[in-house]
Amino acid sequence: MIFLAIRHLFAKKKQTLFTVLGIFFGTAAFVIISGMMLGFREYLLNELIFKDAHIYISAREEFLQEHSLDSYFSKNNSEHIFWNPGPSGRINSEKVDNPKKWVQILRQDPRVAHFSLQCTTPASLSYGKGEISVQLIGCNPEEQKFITSVGSQAIAGDFDDLSLGNNGLAIGYQIQKKLGVKLSQNVMVSTPNGSVIPFKVVAIFKKNNPIFDFSCYGLLSNVQKLKATPNQVTMIGVKLHDHTLAASLATSWSSFGKEKIESWDQINASLFEMFAIQDAVRFLSVGAVLVVAAFGIYN
């Protein structure tokens, strides 16, 4: 059989050459496309799993129902209230209702590796004639370094200097680029409630995604003071020992309160839909290569 196969291959050298080239280029195209897709997927998952929190506990989200506002009226008259149309819309809370309860729950759960309390607010940074809108995140630097990779991404200064107080601020590279501010210089930080306080730039970080470079970090107590909301927590980032347990834990923790609890894979559900499309494209490529190879061998 092997002798006959070799004899027929060499009998028509051009046909054999074109058949081999067709199989070679088809297989090479599949390997290249698969390598790019799988490499991109691994990179994204790396960013989500190892450089960000596995679970986020944030302020609750509620939707108005027909009887949601009955408690605002007297009990005797509430039976005679009619809506046309009925109340609708979403009610968003600005804070986690009982952060102490969540701290106790997270500390007692052996599956939790680290967690970080955060207080976020939209803010405006101004330096000289420059001004830019950012997302200001108040945190404990020691805890935040275990939740995200921001501590290791500092290109100037030290993220740990936030814990020294004195209104320290860690800003993204894009903020530094647009404002022209340098390390150890002061910027004016203002919030929607009208507070304006100078903050000193103690660190500049640069993330792989430029979008996140428009955020900045401050000490949790300083941001709470800036917002005039002492002890307020708007979000809790949680890091687990095993990231595959994130979805099941987020579902089970939802019964502990009205807070919005989402795992990293639930937040990025659309990303996994894109991965499914990529797999379909890869399988179609394999099918096309097999068809080409089959016709070449048949000929």
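The chain is numbered in sequence order, starting from 1.
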Any donor and acceptor pair, going by atom type alone, linking the side chain of [X] with main-chain N or O of [Y] inside 3.5 Å?
X	Y	answer
Asn186	Pro198	no
Lys207	Tyr173	no
His114	Phe146	no
Trp264	His243	yes
Asp158	Asp160	yes
Lys101	Phe256	yes
Gln266	Ser263	yes
Gln224	Gln232	yes
Glu259	Asp97	yes
Ser195	Leu226	yes

Passes side-chain contact (heavy atoms from CB on, under 4.5 Å), Leu117 versus Asn140? Steps please.
-> CA-CA 7 Å; Leu117 305 180; Asn140 185 323; over 6 Å; no

Just so I know, are the side chains of [X] and [Y] near enough to count as touching, which here means a heavy-atom distance under 4.5 Å?
X	Y	value
Thr229	Lys95	no
Pro230	Lys225	no
Ser190	Ser126	no
Ile137	Val223	no
Ile175	Val134	yes
Leu249	Leu240	yes
Val201	Val187	yes
Phe159	Val202	no

More than 12 heavy atoms of other residues, nucleotides or ligands under 6.0 Å from CG of Asn166: is that the case?
-> no

More than 12 heavy atoms of other groups within 6.0 Å of Met36 CE | no

Which of parallel (below 30°), tilted (30 to 60°) and perpendicular (above 60°) describes Phe205 and Tyr217?
-> perpendicular

Would a single hydrophobic cluster contain both [Y] and [X], if residues Ile, Leu, Val, Met, Phe, Trp and Tyr are joined by side-chain heavy-atom contacts under 4.5 Å?
X	Y	value
Val103	Trp253	yes
Ile261	Ile267	no
Phe214	Val150	no
Leu106	Ile147	no
Trp102	Tyr56	no

Going through the checks in order, is the side chain to side chain donor-acceptor pair (under 3.5 Å) test met by Gln135 and Ser215?
-> CA-CA 5 Å; Gln135 181 77 358; Ser215 59; over 6 Å; no

Can a donor-acceptor pair be found between the side chains of Gln118 and Thr234 at a distance below 3.5 Å?
-> no

State plainly whether the residues Glu262 and Lys260 are in salt-bridge range, i.e. N to O under 4.0 Å.
-> yes

Return the minimal non-hydrogen interatomic distance between [X] and [Y], and the atom names on each side.
X	Y	answer
Ala247	Asp265	CB-OD2, 3.6 Å
Val112	His241	O-NE2, 3.6 Å
Pro192	Pro122	CD-O, 3.2 Å
Leu162	Ala170	CD2-N, 3.7 Å
His54	Ala246	O-CB, 3.8 Å
Ser252	Ser255	O-OG, 2.8 Å

Would you please test Leu179 and Leu125 for side-chain contact (heavy atoms from CB on, under 4.5 Å) and show each step?
-> CA-CA 8 Å; Leu179 291 180; Leu125 269 61; 4.0 Å; yes

Give me the one residue out of Ile236, Val233, Ile105 that meets side-chain contact (heavy atoms from CB on, under 4.5 Å) with Ile57.
-> Ile236

Stepwise side-chain contact (heavy atoms from CB on, under 4.5 Å) check, Val96 with Met235 | CA-CA 7 Å; Val96 175; Met235 185 176 293; 5.8 Å; no

Under the side-chain contact (heavy atoms from CB on, under 4.5 Å) criterion, do Phe199 and Asn222 qualify, and how do the steps go?
-> CA-CA 10 Å; Phe199 276 71; Asn222 290 340; 4.2 Å; yes

